[in-house]
Protein chains: 2
Amino acid sequence: MQEATRLFADQGYAGTSIQAIADAVGIRKPSLLYHFGSKDALRECVLDEMLARWNDVLPQVLVVATRERQFDAVMKVLCGFFVDRPERARLILRETLDRPEHMRARILQYVRPWVDVIASQIERAKADGLVRPDVDGEVYAFQVITMVVGSTAVRESLGQAPARGTTDSAAGPDDDRDRFVRELTRMARASLYTNGTAG
Amino acid sequence: MQEATRLFADQGYAGTSIQAIADAVGIRKPSLLYHFGSKDALRECVLDEMLARWNDVLPQVLVVATRERQFDAVMKVLCGFFVDRPERARLILRETLDRPEHMRARILQYVRPWVDVIASQIERAKADGLVRPDVDGEVYAFQVITMVVGSTAVRESLGQAPARGTTDSAAGPDDDRDRFVRELTRMARASLYTNGTAG
DNA sequence: CCTACCGATCGGTAGG
DNA sequence: CCTACCGATCGGTAGG
């Protein structure tokens, strides 16, 4: 499963042969097919597992969401899920491009709860005058998720080439990660609240 | 070329056989190979043509950039390039996932001018106190481009499923397009300027 | 979990 | 631009 996830994410479904997966695991091709039935069933299995882990992470944020600083908590969980395992972002992007109609249903199922949580927060905050009145909560939430997934998927691939500019000379990978997450969060927050710096 | 671009964007490079491209054009497979030499050469050709059109569009924005309202002009051209032909966004995303090291060079070559233009605008505006002081121009510009490409690539595929919410009942495709571009522009602008509504 | 094998399709070439 | 063909690899099956 791990190897299949990695290979599908890195080379795509059509670009990955079941022979290659079998080689990576150290068994023969028919043995792999015995376990999963077909290549397409393996694809479903890989996607299901990733979405199941996504569901593991959902309750965390709903608990935290009862406190203040909800926004930062949601962004932290959302970013963490993909940034800590970028192959998830690449896989979800590839699947969306490969089988849009198939992914639409799953995305509705799995991101809908998030969109609802975020949208309800936005409406509440809008009533308090904290959120810009022209924000469309649903489009906004969808856009933020797309931004996180998309930029995470290409970040490692591109070695964040254009992002090393004028800052201090040497920075560790952890610094890069934090800087990346912080900027994503900053953009999402600033484009939402009337006061761009407050949660 | 058109058919190859469309097929590579929709089904991916590995998922598209030269036979399928030949069928779409109405010629035989060896005839196609005669023109382009190999499948990989065709891939290069398709990518080169798209990047060449990107370069056609660059001067436009540099001319407009001498006037006021630079930001909106840059966003309009950037969004238009991808939103009007979403297969460009899908192709560039697939190529980045398929051959990251190969794309890094091209992206540095083709998006560097944009990043520089935007970054210089940001530094000027920062000095005037118009831009938030904590904005990292390079990371920001990279993030905006990623957001535009990523969300455009998946927008059509997903039929913007979660984005039909509470607005008026029936809206034409043009309305959707404008709403999409407007929200992208709004987010990019609001996360940059101290006053989120001014150019 | 294996060996042995299947038809279909892959990218590409020979030759005209 | 075609017909005819190449070896290699594809996903998958038979049978143990």
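Computed from a prediction, not measured in an experiment: that's the story for all the values here. Chain naming here is simple, since letters A, B, ... match the order of the sequence lines and numbering starts at 1 in each.
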Problem set entry | nucleotides 1-8 of chain C: protein proximity per nucleotide (B base, S sugar-phosphate only, - neither; heavy atom, under 4.0 Å) | BBBB----
Exercise. Could you go step by step and tell me if Arg179(A) and Glu183(A) meet the salt bridge (Lys or Arg N to Asp or Glu O under 4.0 Å) rule?
Worked result: CA-CA 6 Å; Arg179(A) 184 178 164 201; Glu183(A) 178 67 8; over 6 Å; no
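If you take CD1 of Ile18(A) and P of dC10(C), they are 16 Å apart, rounded to a whole angstrom. For the pair Phe36(B) CZ and dG11(C) P, the interatomic distance rounds to 15 Å; values are reported in whole Å. In this structure, CG of Leu33(B) is placed 9 Å from P of dG11(C), rounded to the nearest angstrom. The NZ atom of Lys39(A) sits 15 Å away from the P atom of dT9(D) (whole-angstrom rounding).
Tyr34(B) and Ile21(B) are assigned to two separate hydrophobic clusters, defined by single-linkage of ILVMFWY side chains at heavy-atom distances under 4.5 Å. Using a 4.5 Å cut-off between side-chain heavy atoms of Ile, Leu, Val, Met, Phe, Trp and Tyr, with links allowed through other members, Phe82(A) and Val57(A) fall into the same hydrophobic cluster.
One N or O on the side chain of Thr194(A) and one on the backbone of Leu130(A) form a donor-acceptor pair closer than 3.5 Å. Side-chain atoms of Ser151(A) never come within 3.5 Å of backbone atoms of Gln143(B) as a donor-acceptor pair (strictly under, hydrogens ignored).
With a 6.0 Å cutoff to the six-membered ring centre and a 45° limit on the axis angle, Arg132(B) does not count as a cation-pi contact of Tyr193(B).
Classified by interplanar angle (parallel below 30°, tilted 30° to 60°, perpendicular above 60°), the ring pair Phe81(A)/Trp54(A) is perpendicular.
With a 3.5 Å limit on both pairing distances and Watson-Crick or G-U wobble geometry required, the stems of 3 or more pairs in DNA chain D span C:1-16 with D:1-16.
Phosphate proximity of dC10(D) to Ser17(A): present, with a side-chain N or O under 4.0 Å from OP1 or OP2.
Residues Val139(A) and Phe180(B) are not in side-chain contact: their nearest non-hydrogen atoms beyond the backbone lie 4.5 Å or more apart.
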